[in-house]
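Single-structure report; data block below.
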Number of protein chains: 2
Amino acid sequence: MKIYKGEKKRQYVTNHSIVHLFSFPIEEHIEVHEYERDEWIIQEDRRPNYLFYVIEGKAKIYVTYQNGKVSLLNFINADEYIGEMELLNDVYYTKGIQASTKTICFAFPFHRYRDRLLEDAKFLRELTKFLSVKATNMAAKYSQSLAFPLENRLADFILQTADRGVYKEKHVTVCDYLGVSYRHLLHVLTQFCEKNYLEKEGRNYRIKQYDSLYSLTEVLKNK
Amino acid sequence: MKIYKGEKKRQYVTNHSIVHLFSFPIEEHIEVHEYERDEWIIQEDRRPNYLFYVIEGKAKIYVTYQNGKVSLLNFINADEYIGEMELLNDVYYTKGIQASTKTICFAFPFHRYRDRLLEDAKFLRELTKFLSVKATNMAAKYSQSLAFPLENRLADFILQTADRGVYKEKHVTVCDYLGVSYRHLLHVLTQFCEKNYLEKEGRNYRIKQYDSLYSLTEVLKNK
DNA sequence: CTCAAAATATGAGATATCTCATATTATTAA
DNA sequence: TTAATAATATGAGATATCTCATATTTTGAG
């Protein structure tokens, strides 16, 4: 982890202005942190001292169970908060946050900002919306995961993450995210290839029948 | 649905004061609604015109898929909001809300309250906390449902809902909530009886081995 | 009270998904 | 470069869960 100072810091604060998110001057005690790929921004079960706002990069939220099972709860992208649960709740089991690319965040030390943030309607309004979307998405994922087999959820995930017609995600990550075993994920991918929905290209998969995959995702929609 | 007027209304507004939740006078245009058991407070896919605050009773949040599958996302209890997603988000698929007992709510018409609520830090702060808990709980349910078999989740649910050592929930509700088939729920309940964790008493189940059930729930905890 | 609808109950076969074992290939740190 | 580690890959058997069929009991509306 690096903390930017001086000119580099000033540059980020200027080029990624967030003054519109708050109704008080926010910049004085702000820090700019850089995390490298695979670095832990927050360690599981260890409360952070900052509220973070991601300005570049991508991260993952992980939770671990006593039996060693790991769940990738969600991805975090630019312009999203990290540590907001700890800002709001004194009692909270802190999830692990791992950078999946180089990630740069603004970091607001709780002790300097907490009280003012919790009084700021502009900030709270946006945070409330952010959390409402988060809760809605988790609810959708939950019910879909119980109501439909991997085939449907994987088709959805492939279409969402494919890069110009090619699916490139790492299997080890995806099986934690979709909550299935590595073995089963590979099994269903193989089925997609056998049906010619996908074609394997080295380590990646090229989408051959977009429509077939799309129709698998349609059952996920609400009535 | 009944709308209380006059003395009955005044009584509820007085006895369940919520002035502490807002920093502006809230009571002028408030309505008091009563819903009977099984009545729909909000119909799925139909945006409500009110933000509700439950003062008595209990309700369920449902979502339906195109193939007819139904998911019971969560329960709503007294002192919780309903319709907050629609208050915050213009684009949102409205879930169905059904009263599971007689339920009485304060109803705030959006057109009168929306703007003021979204400016009120006191209200927003509490709503943000409420949503953060909601998001956290959904995330926990999601990952648990994928990481553990019904046995563990059902043990947890039984201990949470048992009434003085007796489990009395309706199977049809529980299987929608835990996301398993009716058949499988009964199957696992039968196993619990065979192992003597539970004993059937007519339509209910008496807990015989609290410790065995409790140890099934322990794996659900985080590392 | 009566009847239809809802809820409970159980069996049997199908399938989605898991666990474990084992090999090969890619990536990373020393 | 080398060796350790992580990721990919595949087979085979186990099990958690589903679907469908069918019967009985309970509940609620008229």
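Computed over heavy atoms, backbone and side chain alike; hydrogens, waters and symmetry mates excluded.
- The nearest whole Å value for the distance from the CD atom in B/Glu194 to the P atom in C/dT10 is 10 Å.
- Rounding to whole angstrom units, CG of residue A/Leu185 and P of C/dT19 are separated by 14 Å.
- Computed from coordinates, the A/Leu178 CG to C/dC18 P distance equals 11 Å when rounded to whole Å.
- Contact check, B/Lys69 against D/dT19: a side-chain N or O comes under 4.0 Å of OP1 or OP2.
- If you measure from atom NZ of B/Lys170 to atom P of C/dA9, you get 13 Å, rounded to the nearest angstrom.
- In terms of position on DNA chain C, the residue among A/Asp38 and B/Gly202 whose nearest nucleotide sits closer to the 5' end is B/Gly202.
- Distances shown here put every side-chain N or O of B/His184 at or beyond 4.0 Å from the OP1 or OP2 atom of D/dA16.
- A straight line from CG of A/Asn152 to P of D/dC18 spans 14 Å, rounded to a whole angstrom.
- Closest contact between the side chain of A/Arg37 and the listed nucleotides D/dG11, C/dC18, C/dT28 involves C/dT28.
- Between A/His184 and A/His187, the two ring planes are parallel [angle under 30°; tilted spans 30° to 60°].
- Ring orientation note: the planes of A/Phe157 and A/Tyr167 are nearly perpendicular, at an angle over 60° on the 30°/60° scale.
- Between B/Arg10 and B/Glu27 there is no salt bridge, since none of the side-chain N atoms of the basic residue sits less than 4.0 Å from a carboxylate O of the acidic one.
- Side-chain proximity of B/Leu186 to C/dA9, C/dT17, D/dT19: nearest is C/dA9.
- Atom pair B/Asn204:CG and C/dA9:P shows a separation of 10 Å (rounding to whole Å applied).
- Nearest nucleotide to the B/Ser181 side chain, out of D/dC18, C/dT17, C/dA26: D/dC18.
- With hydrogens and angles left out, the side-chain atoms of B/Ser143 and A/Tyr65 include a donor and acceptor closer than 3.5 Å.
- Take the nearest nucleotide of DNA chain D for B/His187 and for A/Glu169: the residue whose nucleotide is more 5' is A/Glu169.
- Residue B/His171 places at least one side-chain N or O closer than 4.0 Å to OP1 or OP2 of C/dA9.
- Out of C/dT19, C/dG11, C/dT25, the shortest distance to the side chain of B/Arg183 is found at C/dG11.
- For B/Phe192 and D/dA16, the CZ to C1' distance is 13 Å, given to the nearest whole Å.
- Rounded to a whole Å, the CZ atom of A/Phe148 is 11 Å from the P atom of D/dT19.
- Between A/Glu169 and A/Arg203 no salt bridge is recorded (no basic side-chain N to carboxylate O distance below 4.0 Å).
- A close approach under 4.0 Å does occur between a side-chain nitrogen or oxygen of B/Lys200 and OP1 or OP2 of C/dA9.
- For A/Tyr182 and B/Gln191, each mapped to the nucleotide of DNA chain D holding its nearest heavy atom, the one lying further toward the 5' end belongs to A/Tyr182.
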